[in-house]
Structures are given as structure tokens and as C-alpha cells.
Student: 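What follows is a single structure, and I will ask about it in a moment.
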Amino acid sequence: MATVETRDIKKHFGEVRAVDGVDLSTKEGEFLVLLGPSGCGKTTLLRMIAGLELQTGGDVLIGGQVVNDLPPRARKIAMVFQSYALYPHMTVFKNIAFPLKAQGVQKELIPQKVAWAAALFGIEGLLHRKPRELSGGERQRVALARALVREPSVFLLDEPLSNLDAKLRAAARDELQQFQRRIGTTTIYVTHDQVEAMGLGDRIAVMQGGKVRQIGTPLEVYDEPADTFVAGFLGSPPMNLIERQDCLVGFRPEHFLPKEAHENRGRLTTLQFRVTRVEYLGADRLVYGALEGRFPDAKVIAKLPSTVMVPIQPGIHYDFAVQDKDLKFFDKATGLRTGPRPLA
Ligand SMILES: Nc1ncnc2c1ncn2[C@@H]1O[C@H](COP(=O)(O)OP(=O)(O)O)[C@@H](O)[C@H]1O
Ligand SMILES: [Mg+2]
């Protein structure tokens with residue numbers, strides 16, 4: 001096991017600042033997720049940690065040692081990419097054994113190591129098959145077993161589940177998390193999927209434009225976003241953001257409820273809501289519309305759990321409210337979080 005750290009790491013491709021000064025530091029055995037939209041620099045950052053890409057500036061440390069000059073194989077890292085390639089002509093056993101052979105592991109030790117890695121992912125029964133005889137999920141597990149068989153100190157995963165369909169993904173996510181908890185290998189996991197990030201990460205580093213905008217536990221980044229980017233990227237639907245003089249006021253759809261549904265929980269700010277559309281999602285109702293009064297025509301969304309029985313119809317005005325503790329304020333110019341301000 002080892003920690004991973006980057007210090008002001010950068011990668012510029014000509015004019016493109018793919019990674020633009022990132023400071024990250026994992027804890028021992030941590031599951032850290034890098035989350036951000038396509039093109040924000042996640043893969044480039046991971047490749048620099050692995051030693052597959054040379055940084056323009058800054059340092060990579062593994063286990064507290066600067067590894068800038070170490071080639072990938074000397075970094076004791078295993079990496080699994082989105083497009084993991086199994087060797088099609090080899091059996092599952094041979095695929096998993098391959099990195100051991102390349103590493104010069106004694107022949108007699110190979111079967112037991114392969115059996116160990118296969119057991120971790122429940123693929124002991126597939127060892128004699130060829131990749132084309134496996135389902136997508138099984139191939140994924142073989143790729144993970146192959147990456148782990150060398151018992152790396154650090155595990156780097158770049159959108160490893162994105163080739164699986166939604167149902168398999170949820171199951172694979174669950175397996176991956178259980179497995180990581182069991183072996184306790186420090187893991188950095190890249191995804192653009194916020195649901196995946198929230199479910200998997202001990203902490204999430206939210207990236208945009210080559211920078212880390214915020215790093216924290218899933219609850220911290222969700223409840224206390226550091227800027228409007230993080231506020232808007234997490235949550236489905238995302239946080240409502242309303243312009244007001246020099247700031248933006250944000251509140252989550254699930255905190256914007258009919259006034260009577262709040263009962264007596266804390267101080268409330270009441271907003272007049274003109275409803276245009278109601279969408280039934282089973283457990284929730286999404287209510288679309290615009291505010292009136294002090295924020296005329298600001299478009300907002302409310303997410304009401306099915307336990308809120310208040311009937312809501314399009315074309316009608318309602319008194320909705322947000323608890324004051326759930327109002328977040330951001331500077332309009334910088335997008336950064338600021339302290340609470342009175343709304344009146
Ligand atoms: N080899 C390369 N040459 C030029 N530009 C690159 C190269 N690799 C990545 N980029 C650019 O760097 C940025 C970050 O890319 P990447 O790290 O792949 O993002 P992500 O994995 O978050 O989608 C993008 O603008 C991408 O086009
Ligand atoms: Mg990528």
C-alpha cells in the first residue's frame with residue numbers, strides 16, 4: 001500500500017493546458033475519485049501518475065518518494081483503462097498470468113497467484129475460456145484481475161465500467177468497492193459520472209479545465225460546493241442558481257418544497273413559484289417553473305419526494321420555501337462561494 005501525491009503538476013500540449021497545476025494527496029488505502037466533464041484533464045493526470053505521460057512541470061510522489069524519473073513499471077502501479085484489451089488468443093488464465101511472466105515471477109508460483117486474483121473477482125470458473133467466450137462484465141473482471149495479480153501498491157482506473165450497460169455497471173461498481181475495501185489498495189478512479197463518483201469515493205476531486213475545483217467527501221462536495229461549477233455539476237437535476245445583484249443564490253431542488261411541507265424545521269425563505277410542468281418519476285416529482293416576486297422569471301426546479309402529498313398543477317402559483325441553512329451564495333464574478341447574505 002502507498003499514498004499518491006501530486007504537487008503543482010502540469011501538462012501542456014502546445015496551447016492546451018490539459019492539466020494546469022494540480023495538488024492532490026491520497027490517504028493510505030483511500031478510494032479517491034477524479035470527477036469532471038469530458039476533456040477536463042482526468043486521463044492526462046492519471047497517465048502522469050502512472051508515468052505514461054511526462055509532466056510539463058511539478059512532481060509525482062508515491063509512498064512519499066518523488067518518482068518523476070521512474071519508468072511506469074518501477075512505480076508499482078496497476079492501471080485499467082476504459083478500453084482494456086485482453087489478448088484474444090489467450091485463455092483467461094494466460095491473460096491473468098501474462099504480467100507475472102513478464103515480471104519474471106517463478107513458474108511454480110503463477111497458478112496460485114492467478115487463482116488468488118481470479119477468486120477476488122469470482123471468475124475461477126472461467127480460467128479455461130477465451131475472451132470471446134465471455135460477457136462484457138466477465139471481460140471487465142478479467143481485466144481487473146490481470147491488473148491486480150502483481151499486487152500493486154496503487155490502483156489507477158480510468159472509466160473502467162463505461163463499456164458496460166447500466167445494470168451491469170451498478171453491479172460491477174458494487175463489486176469493485178467491496179473488493180477495494182477488502183484488499184485496501186490505494187485507488188484513484190476516474191469518471192465523468194457523478195452518481196458513480198458519489199457511490200464509490202471516500203473523497204471526490206472535482207475537476208474542470210485542468211484544475212481541481214474542490215476535493216472532499218461526497219457529502220462535502222454535494223452539500224457545501226466551493227463554486228458554481230461544482231454546485232452545477234453534482235446533483236440531478238443540479239442546484240438551482242439565481243442571479244441577484246452581485247451574487248448568485250443556490251439551492252438544491254430537493255430543498256425547494258411547498259411551504260407547508262417544511263413543517264417547523266428552521267428559518268424559511270418563501271418564494272412564489274409559478275409551475276409550468278410536473279414530471280412523475282416514481283419516488284419523486286420534478287416540478288418545473290419560474291419564480292415571481294423578488295426574482296421575476298428565474299427558472300427553477302423542485303424535487304418533491306412522494307411523501308409530500310401536496311397536489312401541484314401546472315399554471316398555478318404556489319408558496320414554496322427553502323430553509324435558510326440550505327441557501328448557498330456565490331460571487332457572480334468569480335463563481336466562488338461567499339458567506340450567507342440576507343435575501344430581503
Ligand atoms: N496527446 C495529446 N495531444 C494534444 N492534446 C491532448 C492530448 N491528450 C489530451 N489532450 C487534450 O487535453 C485535454 C484533457 O484531455 P483528457 O485528459 O483526455 O481529458 P478527460 O480524460 O478528462 O476527458 C483535452 O482538451 C484534450 O483534447
Ligand atoms: Mg479520459
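Ligands are counted one by one from 1 in listed order, and the atoms in each one are counted from 1 as well. Keep in mind that what you see is a predicted model, and the values were worked out from it rather than measured. Start at 1 with the first residue, then count along the sequence.
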Student: Are there more than 12 heavy atoms of other residues, nucleotides or ligands under 6.0 Å from atom CZ of Arg17?
Tutor: no
Student: Give the table of side-chain donor-acceptor pairs shorter than 3.5 Å for residues 49-57, with sequence neighbours excluded, one pair per line with atom names and distance.
Tutor:
| from | atom 1 | to | atom 2 | distance (Å) |
| --- | --- | --- | --- | --- |
| Glu53 | OE1 | Arg47 | NE | 3.2 |
| Gln55 | NE2 | Gly58 | O | 3.2 |
| Gln55 | NE2 | Asn68 | OD1 | 3.1 |
| Thr56 | OG1 | His12 | N | 2.8 |

Student: Quick one: does Arg277's side chain have a donor or acceptor within less than 3.5 Å of a partner on Tyr288's backbone?
Tutor: no
Student: On the 0 to 90° scale, with breaks at 30° and 60°, tag the Tyr189-Phe31 ring pair as parallel, tilted or perpendicular.
Tutor: tilted
Student: Which protein N, O or S atoms sit under 2.8 Å from the Mg ion (ligand 2)?
Tutor: Thr43 OG1
Student: Determine, stepwise, if the pair Val278 / Gln313 fulfils side chain to side chain contact (heavy atoms under 4.5 Å, CB included).
Tutor: CA-CA 7 Å; Val278 181; Gln313 278 164 17; over 6 Å; no
Student: For ligand 1, give me the residues whose heavy-atom distance to it is below 4.0 Å, by chain and number please.
Tutor: Phe13, Val16, Ala18, Pro37, Ser38, Gly39, Cys40, Gly41, Lys42, Thr43, Thr44
Student: Is NZ or CZ of Arg146 both nearer than 6.0 Å to the six-membered ring centre of Tyr87 and within 45° of the ring axis?
Tutor: yes
Student: Determine yes or no for a side-chain-to-main-chain donor-acceptor pair under 3.5 angstrom, with Arg75 supplying the side chain and Leu70 the backbone.
Tutor: yes
Student: Could you give the side-chain donor-acceptor pairs of residues 215-239 under 3.5 Å, partners two or more places apart or in another chain?
Tutor:
| from | atom 1 | to | atom 2 | distance (Å) |
| --- | --- | --- | --- | --- |
| Thr217 | OG1 | Glu220 | N | 3.1 |
| Glu220 | OE1 | Thr217 | N | 3.0 |
| Tyr222 | OH | Glu254 | OE2 | 2.4 |
| Glu224 | OE1 | Arg337 | NH1 | 3.3 |
| Glu224 | OE1 | Arg337 | NH2 | 2.6 |
| Glu224 | OE2 | Lys328 | NZ | 3.4 |
| Asp227 | OD1 | Phe229 | N | 3.1 |
| Asp227 | OD1 | Val230 | N | 2.9 |

Student: A quick test of your reading: do over 12 heavy atoms of other residues, nucleotides or ligands sit less than 6.0 Å from NZ of Lys332?
Tutor: yes
